[in-house]
Amino acid sequence: MSSNTLKVRIVNHSGHALPQYATEASAGMDIRACIDSPIVVAPGQRVFVPTGLFIELPVGFEAQIRPRSGLAAKHGITVLNTPGTIDADYRGEIKVILINLSQETFTIENGERIAQMVVARHEKVEWQTAENLSDTERGAGGFGHTGKN
């Protein structure tokens with residue numbers, strides 16, 4: 001086990017395996033649908049998909065819910081509010097908001113891998129008001145300011 005392993009309490013009402021990493025270097029863990037019957041998602045439709053998972057993150061950490069690249073590329077299914085954030089003080093069931101961006105209906109089955117979860121450390125910000133900011137090469141250049149595709 002790696003020295004940078006974080007212990008997180010989890011309640012699993014799904015009947016499926018706990019979220020797990022596909023490879024040693026994976027950042028995200030696949031999470032699965034926990035549903036009584038298939039959910040048919042029409043083109044343009046969004047749905048809340050329960051996972052049966054409840055977690056207790058330590059303060060200073062968040063869990064991000066992100067799309068699975070295979071579902072997005074093959075079926076146009078993605079996480080609507082990506083990344084969705086689960087705060088350390090949330091104790092409810094993890095639910096995933098999926099949307100069908102394809103032109104075909106898609107059926108979500110119980111146990112299907114629907115998203116991935118990344119647990120990450122975050123910092124609290126203490127704002128320091130100022131009259132100006134330091135100069136950089138980029139400055140105020142925004143979207144597309146470099147002219148590169």
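- Of the options Leu18, Val49, Val96, a side-chain contact (heavy atoms from CB on, under 4.5 Å) to Ile31 is made by Val96 and by none of the others.
- Taking 4.5 Å as the limit, some side-chain heavy atom of Val41 sits within range of a side-chain heavy atom of Ile108.
- Between the side chains of Gln128 and Glu126, no donor-acceptor pair of N or O atoms lies under 3.5 Å.
- Shortest non-hydrogen contact noted between Val8 and Glu56 is CG1-O, 3.6 Å.
- A donor-acceptor contact shorter than 3.5 Å is absent between the side chain of Gln64 and the backbone of Met117.
- Contact of the Leu53 side chain with the Val11 side chain is not registered, since no non-hydrogen atoms from C-beta on lie closer than 4.5 Å.
- Scanning all heavy atoms of the two residues, the minimum distance from Glu109 to Ile35 falls at C-CD1, 3.8 Å.
- Aromatic pair Phe54/His13: ring centres closer than 6.0 Å.
- Val40 belongs to no hydrophobic cluster, as no Ile, Leu, Val, Met, Phe, Trp or Tyr side chain comes under 4.5 Å of its own.
- Residue Ile55 forms a side-chain contact (heavy atoms from CB on, under 4.5 Å) with just one option from Asn12, Ile86, Val119, and that option is Ile86.
- No side-chain heavy atom of Arg46 sits under 4.5 Å from any side-chain heavy atom of Leu98.
- The 12-atom threshold is exceeded at CZ of Arg91, counting heavy atoms of other residues, nucleotides or ligands nearer than 6.0 Å.
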